[in-house]
Amino acid sequence: MTMRTEAERARENAISLEVKKDGLRQRQSGDWVLSLVIAAVHMDARITGAAMGTRYQCALVEIDDNETPVDDPEKQKWRDLGPVKQAAMRCRDPVFWAFLEEEKHVPAQSMEDAADSVRKLCDVPSRADLAINTAARMTWFGIDHHFQAWKAAQNG
């Protein structure tokens, strides 16, 4: 019997449908309520038959009138900075310092500590090497992705 990864199981069980945003409000608790409209032809019986409170993992992609994905300008701006500038900016952020200490178990009490820890984690003598060292760049992107997920969970 072949073991399937979580990603494979997710793809096999995904419910693909088009939705339109119908409403957004914030509860007193701080939680958000997002209302989506699903055209009748797109409704899936797994949704209509599921009990109230059933949890779903969602991935939403904004599409234009031509059915093509719309790029998020903020993410594009971040990507356009490149890994060297991204790392420099993160190392100035005290929230990133907390992440490094809590999640990566490396010292980060200052900008210099954070920069040193990033260099050690990426195994480079200089953050500038993130521009030319593919393995280091991939490590940096993993660190940054982990940081963004950690930060979202902290604010969640």
Side-chain angles (χ1 to χ4, degrees), residues 3-36 38 44 46-47 50 53-64 68-156:
M3 293 290 293
R4 295 176 301 158
T5 66
E6 282 190 44
E8 290 168 331
R9 289 180 35 229
R11 273 191 298 279
E12 290 168 5
N13 292 291
I15 300 170
S16 181
L17 47 86
E18 182 176 328
V19 299
K20 288 187 179 179
K21 180 179 170 183
D22 189 54
L24 180 66
R25 64 184 170 85
Q26 192 169 20
R27 291 183 172 167
Q28 212 171 4
S29 67
D31 291 342
W32 289 91
V33 177
L34 171 63
S35 298
L36 303 171
I38 303 170
D44 188 288
R46 292 174 288 178
I47 296 173
T54 299
R55 297 174 62 218
Y56 294 92
Q57 177 76 39
C58 295
L60 301 175
V61 178
E62 182 180 353
I63 56 174
D64 62 20
T68 58
V70 175
D71 288 329
D72 178 347
E74 291 305 312
K75 283 189 176 178
Q76 189 59 44
K77 286 178 190 175
W78 182 249
R79 279 192 297 258
D80 288 345
L81 289 174
V84 176
K85 288 182 182 173
Q86 289 173 359
M89 289 174 69
R90 291 289 191 229
C91 288
R92 288 193 293 271
D93 182 356
V95 176
F96 184 66
W97 305 349
F99 159 79
L100 288 173
E101 291 197 327
E102 186 176 315
E103 293 292 311
K104 299 297 181 181
H105 311 290
V106 293
Q109 295 289 314
S110 67
M111 188 181 342
E112 293 77 21
D113 283 353
D116 187 49
S117 291
V118 165
R119 286 190 297 271
K120 286 179 182 169
L121 289 166
C122 293
D123 195 26
V124 291
S126 168
R127 287 178 301 195
D129 291 320
L130 297 175
I132 57 173
N133 181 321
T134 303
R137 185 169 47 252
M138 298 285 71
T139 300
W140 164 251
F141 289 144
I143 292 167
D144 189 55
H145 179 76
H146 185 181
F147 169 65
Q148 291 177 52
W150 175 85
K151 189 170 149 183
Q154 299 299 309
N155 295 332

Heavy-atom closest pair, residues Gln86 and Phe141: OE1-CE2, 3.6 Å
Student check: side-chain heavy atoms of Val124 and Thr139 closer than 4.5 Å: no
For Leu130 against Ala136, the heavy-atom pair lying closest together: CD2-O, 3.5 Å
Exceeds 12 heavy-atom contacts within 6.0 angstrom, atom CE of Met89: no
Gap separating the CZ atom of Arg11 from the CZ atom of Arg4, nearest 0.5 angstrom: 11.0 Å
Gln57 and Glu6, any side-chain heavy atoms less than 4.5 Å apart: no
Whether over 12 other heavy atoms sit under 6.0 Å from Gln26 CD: yes
Interatomic spacing from CG in Asp144 to CZ in Arg90 - rounded to 0.5 Å: 4.0 Å
Neighbour count above 12 (heavy atom, 6.0 Å) for Asp123 CG: no
Spacing of Arg127 atom CZ and Lys85 atom NZ [to the nearest 0.5 Å]: 13.0 Å
For the student: nearest non-hydrogen atoms of Phe96 and Cys91, plus distance: CD2-N, 4.0 Å
Side-chain (Ser35) to main-chain (Asp22) donor-acceptor, under 3.5 angstrom: no
Distance in Å, Phe99 CZ paired with Lys104 NZ, rounded so as to fall on 0.5 Å steps: 5.0 Å
4.5 Å side-chain heavy-atom contact, Asp129 and Trp140: no
Flag side-chain contact, heavy atom, 4.5 Å: Trp150 against Val95: yes
Charged N-O contact under 4.0 Å between Asp80 and Lys77: no
Nearest-0.5 Å distance, CD1 of residue Ile38 to CD1 of residue Ile15: 9.0 Å
Between CD1 on residue Ile47 and CG on residue Leu17, distance to nearest 0.5 Å: 5.0 Å
